[in-house]
Amino acid sequence: MNLAVVGTGYVGLVAGTCFAESGNDVICVDIDAQKIALLNSGQVPIYEPGLEEMVRRNTAEQRLSFSTDLDTAVRKSTVIFIAVGTPQGPNGDANLAHVRATAKGIGRAMDGFRVIVTKSTVPVGTADQIKQWVAEETTYPFAVVSNPEFLKEGAAVEDFMKPDRVVLGGDNAEALEAVKELYEPFVRTGNPILVMDSRSAEMSKYAANAMLATKISFINEISRLCETRGADVGEVRRAIALDRRIGPHFIFPGVGYGGSCFPKDIRAMISMGCDEPEMVLLKAVEQVNERQKRILVEKVHRHFGGNLAGLTFAIWGLAFKPRTDDMRDAPSITVIESLLSAGAEVQAFDPEAMGEAKKIFGERIHYADRNYEALTDAVALLVLTEWNEFRRPDFSRIKQLLKKPVIFDGRNLYDPVDLRKLGFQYYSIGRNDG
Ligand SMILES: NC(=O)c1ccc[n+]([C@@H]2O[C@H](COP(=O)([O-])OP(=O)(O)OC[C@H]3O[C@@H](n4cnc5c(N)ncnc54)[C@H](O)[C@@H]3O)[C@@H](O)[C@H]2O)c1
């Protein structure tokens, strides 16, 4: 099938590439000419495991191409995916300006029936709005299918190729069938393609993210209580995870959730329910998360007696989670900004997010080429992202390089007993080690 994917970011590039991998001819479109030029020169602008190789292979086999020309892409395609950003608007609501521009652009370029698929995360009712925007620009028939994306950054290709489920919403049987066919190669092990009305499909995406964010804030709140009551959240986690009604996933305490989705999607839900019903639980989820992003710096302040001026801190991990370079709404930003505003200096290292960090902090922090290099002359190490390479470091080397053997572990990667035996002052989350 001939497909166009509009928006070549984490979702669009992965979706387009995976659809090409299963034999479709795909044109990925973006308004960012620099991004398209980079992709046309064989480079992939984001870090996502397995993606680069797949992009190269499908480009070489001429199933995948990149363009800024929406009109041609629409004319050549029967199905067009909208995968543009839906960032947070001024009131916390989702900003649909890019979706609107894309829908109208598709409408203007159409020269016959088209299936328009919404992959961007959009508020409930957006499918109807898209229909209106397209209809304002064309008299040709079209159908809109809502197809929220559930992939996780860091495992996006794997998730897209083997989704737990695919959700399709809409009321046009022919269009739903066409999109279903596109997904069939990815659900051969029997995972379901669920077909429903578009509003339920749109809501499913927000509900999934809200549940996941709630689990994180839940365990973070429990971790706070553990600290004040002398319990160990690691033990508590193990105990509750064995209850099959609860399960082990997504209940790891840390420095809060971040990334391009949870924060903005939770705020969009709060905004969707601004009048009725008030999103009482989600407001609390967000409040817990904002508090959690500050917990490590509070521990730093307590340890150093409140005065951080002139002290240098080493940071390991800037991306909001491992295996991505994405720093959107990352807790590391809150942590680093607090340290800087207290007069401290920061030396940071991340395996993939250094480029993104430079866009955010510029010259305000120092960037280390390797993890150990960040430690030189620092009074403490703060671990903010659970990259695998930080899990088993050479502690004697850390001790040698730091001015003082102090570690603030925002991801509970290390064993408090071992670290104390090695002579470190060690602080983590919810383990009463402060
Ligand atoms: N990143 C994730 O993990 C993830 C997961 C599921 C769903 N989503 C949702 O998918 C959508 C896209 O997210 P993302 O992370 O890929 O965003 P992104 O910011 O990485 O990419 C969006 C792309 O759209 C392009 N764009 C904007 N307006 C355009 C236009 N008018 N025409 C063509 N291109 C345009 C931008 O230049 C950018 O390259 C969002 O709604 C997001 O909430 C994201």
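Side-chain atoms are counted along with the backbone in the values below, which use heavy atoms only and exclude waters and symmetry mates. Atoms within each ligand, like the ligands themselves, are counted from 1 in listed order.
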Would you say Phe349 and Asp369 make side-chain contact, with heavy atoms under 4.5 Å? no
Check: Trp387/Asn371 side-chain N/O donor and acceptor closer than 3.5 Å: no
Using heavy atoms and a strict 4.0 Å limit, residues surrounding ligand 1 turn out to be Val6, Gly7, Thr8, Gly9, Tyr10, Val11, Asp30, Ile31, Asp32, Lys35, Ala83, Val84, Gly85, Thr86, His98, Thr102, Ser120, Thr121, Glu149, Leu151, Glu153, Lys205, Ser260, Cys261, Lys264, Arg328
Which residues share a side chain to side chain donor-acceptor pair (under 3.5 Å) with Glu389, sequence neighbours left out: none
Parallel, tilted or perpendicular: which one describes the rings of Trp316 and Tyr372, with boundaries at 30° and 60°? perpendicular
Tell me, please, which residues at least two apart from Ala380 pass side chain to side chain contact (heavy atoms under 4.5 Å, CB included). Phe304, Phe313, Val406, Phe408
Taking only distance into account, with no hydrogens and no angle test, what donor-acceptor pairs under 3.5 Å do side-chain atoms of residues 105-118 form with protein atoms, sequence neighbours excluded?
residue: Asp111; atom: OD1; partner: Arg114; partner atom: NH2; Å: 2.5
residue: Arg114; atom: NE; partner: Val74; partner atom: O; Å: 2.9
residue: Arg114; atom: NE; partner: Ser77; partner atom: O; Å: 2.7
residue: Arg114; atom: NH1; partner: Gly112; partner atom: O; Å: 3.4
residue: Arg114; atom: NH2; partner: Val74; partner atom: O; Å: 3.2
residue: Arg114; atom: NH2; partner: Arg75; partner atom: O; Å: 3.2

